[in-house]
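In what follows, residues are counted from 1 in the order of the sequence shown.
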Amino acid sequence: MSWQTNYHTWQEQPTMIPYIHDELTAMAGNSEALEAAFSGPMSFGTAGMRGVMGPGIGQMNVYTVRQATEGVARYLDTLDEATKQRGVAISFDSRYHSREFAHEAAHVLGAHQIPSFVFDDMRPTPELSFAVRHLQTAMGIMITASHNPKQYNGFKIYGPDGGQMPPIDSDKITEFVRSATDVFAIPVADERDLRQNKLLRIIGEDVDQAYLANVASVTINADLIQKVGKTMKLIYTPLHGTGKVIGERALRAAGFENFTMVPEQAIADPEFPTVPFPNPEFAQAFDMAIALGKKEDADLLVATDPDADRLGAAVRQPSGDYQLLTGNQIASILLAYILKARKEAGQLPENGRVVKSIVSTELATKIAAAYGIEMKNVLTGFKFIAEQIHQYETQHDHTFLFGFEESYGYLIKPFVRDKDAIQSTVLLAEVAADYKQRGMTLYDGIEELYATYGYYAEKTVAQEFPGVNGAQEMAHLMTEFRENAPHDFANVAITETEDFSTGVKTSATGETSTIDLPQANVLKYWLADGTWICIRPSGTEPKVKFYVGTSAKTDQAAQEKLATFEAAVNAYVASI
């Protein structure tokens with residue numbers, strides 16, 4: 001149907017929720033906004049769905065949330081009754097409508113006689129992952145748009161292992177979501193009836209305590225924290241999000257007593273009024289933390305995004321200024337500490353394995369190799385790291401030691417099956433304490449790693465494709481890279497091309513081999529000097545991401561190479 005037809009269908013609904021009706025009325029005459037909202041449904045995939053909030057089949061609202069949950073319910077209806085009755089755990093973040101969407105999801109599940117376990121207030125994504133495992137539910141739903149701007153919200157689905165749904169199952173759910181074509185006819189149960197019939201149960205402190213007990217196991221050297229961490233000065237900001245609920249408690253339980261939360265950003269505010277983007281990848285997210293850090297002479301600044309699955313950090317320099325660390329740097333220093341501490345304690349398993357995404361730093365690979373530990377590369381998406389953990393636990397062939405993605409996501413202990421900024425905050429503080437007792441900072445620690453393994457530099461550049469033609473333009477770009485394949489970047493020859501859509505690796509001489517990973521619309525090039533370049537359309541946003549990773553003997557040389565290759569990629573894209 002045309003967007004005009006879809007729009008008129010919504011206009012004619014006699015029982016439209018009043019505030020959505022008002023929003024729809026306000027859109028009248030804005031053909032661009034109406035076309036974006038009504039041209040087609042929101043994409044629904046392995047990460048669920050995410051988009052701007054507002055009326056229409058292509059935006060996040062009560063009706064599209066009901067439609068998504070109806071797909072989940074119809075999927076659960078195909079399973080055996082015992083599995084279905086295990087129910088669904090539901091959490092939500094601090095965004096507009098998040099609580100409402102969470103309860104609407106429970107109402108749809110209840111209409112199918114499927115129990116739901118809804119948190120009493122906002123909780124982090126990693127705690128939702130934990131809750132699925134702890135309560136042994138059949139699935140989990142997290143209402144969040146993670147680090148996106150305030151206009152966004154999202155609907156993430158989790159499988160029974162606490163990881164994001166694998167493609168096979170999520171594809172089935174997507175089919176059921178699409179089969180629920182009339183979003184206004186989806187049955188919803190009354191909340192009071194659901195509560196009385198125990199089909200909707202409120203959870204909270206009971207799960208918090210269990211989660212925190214597991215977070216306590218992340219600490220490696222409790223004596224170190226008592227000696228140094230107890231007095232080391234930390235600044236923590238949850239960026240107006242869920243981290244405030246559990247992050248402070250986790251730090252105090254570990255023994256870090258001398259820390260301060262940025263007061264203005266410890267307020268759960270869906271406007272995110274103090275930051276342009278609530279994303280710890282961006283320097284502006286640290287402005288208030290840096291100001292407070294300078295005032296209190298803090299050693300370490302830590303920020304978590306609104307659903308507390310991503311963590312960023314900044315460390316004090318001798319000048320008194322603060323240096324932000326990249327996600328790759330944080331991951332590398334966490335990994336180095338984990339392996340060093342476990343080796344010193346005689347607890348480094350021979351079959352240990354670290355898991356990272358294919359677009360994350362190769363510095364971690366060198367660190368792992370120095371300890372005799374194998375690195376496993378997987379596609380981008382923490383669900384693929386969770387799949388590896390599940391395989392190791394069922395086949396008993398490897399022991400999981402650490403997992404990460406360059407986009408500021410890390411997992412220390414697998415009682416959670418998604419990236420966990422709460423775990424990471426506690427361990428990063430311990431690592432900072434370890435360097436402090438040696439008269440060093442975390443940044444000194446990064447430099448120490450570079451001096452040992454070489455200087456590594458990475459950068460991610462995203463090109464946006466907004467509007468109704470965005471998906472088509474992204475597809476065209478990827479087609480051009482395949483059909484008019486480059487032979488070099490910056491006059492450095494491509495020695496190997498990995499096309500994950502076909503699962504084939506091709507050398508410059510034409511020899512081919514199979515890539516042992518699921519198919520994905522991703523290209524990765526390996527260059528003669530060891531540099532790699534990867535191209536990947538985002539699964540949740542209208543963006544194509546370009547990743548560049550390189551290394552050299554000095555930091556200056558590595559940064560110069562990085563800039564050269566970034567320019568070469570941009571030039572090639574501009575020529576398409």
Side-chain angles (χ1 to χ4, degrees), residues 1-75 77 95-97 100-101 104-105 107-109 111-112 141 143 145 148-149 151-157 170-189 464-476 537-543:
M1 290 188 288
S2 67
W3 70 260
Q4 292 94 339
T5 301
N6 291 326
Y7 172 45
H8 290 309
T9 298
W10 279 59
Q11 279 186 309
E12 294 166 2
Q13 288 303 313
T15 57
M16 178 76 68
I17 295 171
Y19 80 84
I20 298 180
H21 178 271
D22 293 343
E23 291 175 347
L24 191 64
T25 301
M27 293 171 69
N30 188 340
S31 59
E32 184 177 347
L34 290 170
E35 185 176 4
F38 290 97
S39 287
M42 298 181 68
S43 60
F44 194 97
T46 56
M49 64 183 187
R50 186 185 305 177
V52 173
M53 287 178 279
I57 62 174
Q59 301 195 112
M60 286 291 300
N61 53 68
V62 166
Y63 298 107
T64 53
V65 167
R66 287 177 179 176
Q67 181 186 38
T69 313
E70 179 69 12
V72 169
R74 292 183 185 184
Y75 167 77
D77 282 341
R95 292 174 181 273
Y96 285 114
H97 302 298
E100 177 187 12
F101 292 168
E104 287 290 342
H107 301 165
V108 173
L109 293 170
H112 286 255
I141 294 172
I143 305 296
N148 284 81
Q151 297 90 349
Y152 286 76
N153 215 322
F155 181 103
K156 296 174 69 174
I157 52 175
S170 67
D171 287 347
K172 294 178 183 177
I173 293 174
T174 300
E175 291 178 9
F176 285 122
V177 172
R178 295 289 166 258
S179 69
T181 54
D182 188 350
V183 297
F184 300 105
I186 293 169
V188 290
E464 296 193 13
F465 294 84
V468 294
N469 296 321
Q472 183 178 347
E473 293 170 357
M474 291 165 64
H476 172 71
S538 171
T540 55
E541 302 170 282
K543 297 178 180 179

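Contact annotation: the side chain of V108 never approaches that of E104 to less than 4.5 Å [non-hydrogen atoms, C-beta and beyond]. Contact annotation: the side chain of F101 approaches that of M60 to within less than 4.5 Å [non-hydrogen atoms, C-beta and beyond].
Summarising the geometry of A68 relative to F44, their closest heavy-atom pair is CB-CE1, 3.8 Å, with the distance given to 0.1 Å. Scanning all heavy atoms of the two residues, the minimum distance from V52 to Q59 falls at O-CB, 3.2 Å. Residues L109 and V72 come closest through the heavy atom pair CD2-CG1, 4.3 Å. The minimum heavy-atom distance linking V65 with T69 is given by the pair O-OG1, 2.7 Å. Across all non-hydrogen atoms, the minimal contact from E23 to G54 is OE1-CA, 4.1 Å.
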field: Steps toward side chain to side chain contact (heavy atoms under 4.5 Å, CB included) verdict (I57, W10)
entry: CA-CA 9 Å; I57 62 174; W10 279 59; 3.6 Å; yes
- request: Apply side chain to side chain contact (heavy atoms under 4.5 Å, CB included) to Q11 and M16, showing your working.
  value: CA-CA 9 Å; Q11 279 186 309; M16 178 76 68; over 6 Å; no
- prompt: Could you go step by step and tell me if Y75 and I157 meet the side chain to side chain contact (heavy atoms under 4.5 Å, CB included) rule?
  reply: CA-CA 12 Å; Y75 167 77; I157 52 175; over 6 Å; no
task: Mind running side chain to side chain contact (heavy atoms under 4.5 Å, CB included) on F155 and T64 for me, showing each step along the way?
output: CA-CA 10 Å; F155 181 103; T64 53; over 6 Å; no
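Atom NE2 of H112 sits in a crowded spot, with more than 12 heavy atoms from other residues, nucleotides or ligands closer than 6.0 Å. In the displayed structure, Q472 atom CD is contacted under 6.0 Å by at most 12 heavy atoms of other residues, nucleotides or ligands.
Atom-to-atom distance recorded for H8:NE2 and Q13:CD is 13.5 Å, nearest 0.5 angstrom. To the nearest 0.5 Å, the span separating NE2 on H21 from OG1 on T15 amounts to 11.0 Å. Considering CE of M49 and NZ of K156, their distance stands at 13.5 Å, rounded to 0.5 Å. The CD atom of E464 sits 12.0 Å away from atom CD of E473, with the distance rounded to the nearest 0.5 Å.
Although no hydrogens or angles enter the test, the distance criterion places no donor-acceptor pair under 3.5 Å between the side chain of N153 and the main chain of M53. With hydrogens and angles ignored, the 3.5 Å screen pairs no side-chain donor or acceptor of N6 with any backbone N or O of G56. Within the 3.5 Å criterion, the main-chain N or O of Y152 finds a donor-acceptor partner in the side chain of R95. Within the 3.5 Å criterion, the main-chain N or O of Y63 finds no donor-acceptor partner in the side chain of Q67.
Taking the six-membered ring where the residue is Trp, the centroids of H97 and Y19 are separated by under 6.0 Å.
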Kindly list each side-chain donor-acceptor pair under 3.5 angstrom involving residues 176-189, sequence neighbours excluded, with atom names and distances?
from, atom 1, to, atom 2, distance (Å)
R178, NH2, M42, O, 2.5
S179, OG, R74, NH1, 2.8
S179, OG, F176, O, 2.6
D182, OD1, F184, N, 3.0

